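By convention here, the first residue in the shown sequence is residue 1. As the structure lists them, so they are numbered: ligands from 1, and atoms in each ligand from 1. Nothing here was measured: the structure is a model prediction, and the numbers come from that model. These numbers come from the heavy atoms of this one structure, side chains and all, not from hydrogens, waters or symmetry mates.
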Amino acid sequence: MERVQQAIERTKQQNNYLFAVLFLDLDRFKVVNDSLGHLLGNQLLIAISHRLKSVLRTGDIVARFGGDEFTILIEDIEDIDIAIQVAERIKKVLALPFELNEHLVFTNASIGIALSKPDYEQSAHILRDADVAMYRAKSLGKARYEVFDQKMYEGASLLLELETALRNALLKQKEFRLNYQPIISLITGKIIGFEALIRWYHPKRGLISPQDFIPLAEETGMIVSIGQWVLFEACQQMHRWHQKFPSSLPLTISVNFSGKQITQPDVFKQVKHILQETGLKPCSLKLEITETLLMDNFELATTVLSQLTELNVEMHIDDFGTGYSSLSYLHRLPIKTLKIDRSFVTNIGSRGENLEIVRAIVTLAHNLNMSVTAEGIETVEQLAQLKALQCDYGQGYFFLRPMESAEVEMLLAANLCSKNFLKR
Ligand code: C2E
Ligand code: MG
Ligand code: MG
């Protein structure tokens, strides 16, 4: 920090004096540390520092900033290209494997570069900018570098603003609402249940789509509290509808479950507790999880899914076909239904490929004793194809859009659940 401060002072005295700061974060250090242990983790850090030094000039400074972060100060350069060349060289030397106690370890780094400018006053400021650029490099796919520009900062502060707003919303718990989208049996045409979908009504910005805040909520861990609220609200709502509109085949409620929720140590107890408190029968609850989530924590997911299934809660795989998982997990987990991702359904009619993919998924699911729900049915042609392929359930704008609870209530009061939605 002192040397960066000195360099800043120098830019003020010497007109065309330029320097650059590189902020480097290792991409998979935690995996190495967790799997090979801290001793090897430390050895890796030392080996990396040697490689970093090997690509720098003698006057340049490399420092360990903390954890798996390094910073580099390159003084007295003609232009940004010099810093970019250094980043290129770092990428190259870090791409070679490290040999640690007979283990071959691969790692790489995301690098942010900030070039000096006259208005930097403190070392912390240029480091912060290099950090913002590093963050951008990471989100653009890691093992790369990005040069800071002011627009990144605007992006980052927007994100921070959203994060603060989300924390507030979570505290007040008045800005979140659930919408409910009907799920239709493609055999009887009747509504069998609803999927609960969260909506965030921001007092100034209006409606914010879950696609825009769920990823942020997952990254910051807020999804755990949000998810608990969603589960409670959805179970309570469905229990009330059961009481108000009794029927021989009670409607079910599908709730999206995030990766962070499944890995909570007491997730099973929490679900059980919410079911008890709301009075909803476990067999009316379906939890939707994505496949990538399962693959990330296979052991843990297996345990939790089995516990929940024993309780009589159904487990569904959401957005099936979009993850990069191996299919072998399917018969090892107690999964009841595969939800075919909307992207396959959208093009089912126009080209043969997606039709064959959907056919394969349906066959696979049925052979494994699972059922299939198609997401995002929008046209009568898509519906006809899916029915011909013997897809079991469907959901989409063709039938009904996600609705407010009051609208659902009107639908139930008019006994529209026994209507045949396959006919128009
Ligand atoms: P998802 O679970 O796959 O939900 C289906 C999404 O497709 C919903 O978007 C729904 O409104 C939309 N959709 C349904 N039918 C059609 C259709 O015919 N055409 C088109 N174009 N879209 C259709 P939504 O509500 O914006 O939710 C997006 C995603 O956000 C969800 O995808 C889910 O992954 C996530 N999400 C929503 N609510 C929650 C929640 O409470 N918790 C968690 N963890 N994630 C949630
Ligand atoms: Mg879903
Ligand atoms: Mg989905």
Exam field: side chain Gln382 to backbone Thr346, donor-acceptor pair closer than 3.5 Å: yes
When rounded to the nearest 0.5 Å, the distance separating CD1 of Ile113 from CD1 of Ile72 is 9.5 Å
Contact between [X] and ligand 1, counting heavy atoms under 4.0 Å?
X: Gly227; result: no
X: Glu218; result: no
X: Lys339; result: no

| query | So does Ser254 have any N/O/S atom less than 2.8 Å away from the Mg ion (ligand 2)? | reply | no
Does any N, O or S atom of Glu375, backbone or side chain, fall under 2.8 Å from the Mg ion (ligand 2)? no
Could you tell me which atoms of ligand 1, counted from 1 in the order shown, lie closer than 4.0 angstrom to a heavy atom of [X]?
X: Asp319; answer: 3 (O)
X: Gly396; answer: 15 (N), 18 (O)
X: Gln181; answer: 14 (C), 15 (N)
X: Glu378; answer: 17 (C), 18 (O), 19 (N), 20 (C), 21 (N)
X: Val230; answer: 41 (O)
X: Pro402; answer: 11 (O)
X: Glu375; answer: 3 (O)

The Mg ion (ligand 2) is nearest to which N, O or S atom of [X]?
X: Glu195; value: OE2
X: Asp318; value: OD2
X: Glu288; value: OE1

Does the pair [X]/[Y] count as a salt bridge with the N-to-O cut at 4.0 Å?
X: Lys286; Y: Glu288; value: no
X: Glu409; Y: Lys244; value: yes
X: Arg167; Y: Glu163; value: yes
X: Arg342; Y: Glu375; value: no
X: Glu69; Y: Arg64; value: no
X: Lys339; Y: Glu195; value: yes

Strictly under 6.0 Å, is that where the ring centroids of Phe23 and Phe65 end up? yes
Item to complete: Please check if the distance between the ring centroids of Trp241 and His239 is under 6.0 Å.
Response: no
Please confirm whether Arg401 makes a cation-pi placement over Tyr397, using NZ or CZ under 6.0 Å from the six-membered ring centre and within 45° of the ring normal.
yes
Quick check: [X] and ligand 1, any N/O pair under 3.5 Å apart?
X: Glu195; result: yes
X: Ser209; result: no
X: Ile198; result: yes

Note: heavy atom closest to atom 2 (O) of ligand 1, options Asp341, Asp318, Ile377, belongs to Asp318
Side chain to side chain donor-acceptor pair (under 3.5 Å) test vs Lys30 passes for just one of Asn33, Asp27, Asp34, namely Asp34
Logged contact type for Arg401 with ligand 1, heavy-atom cut-off 4.0 Å, is neither
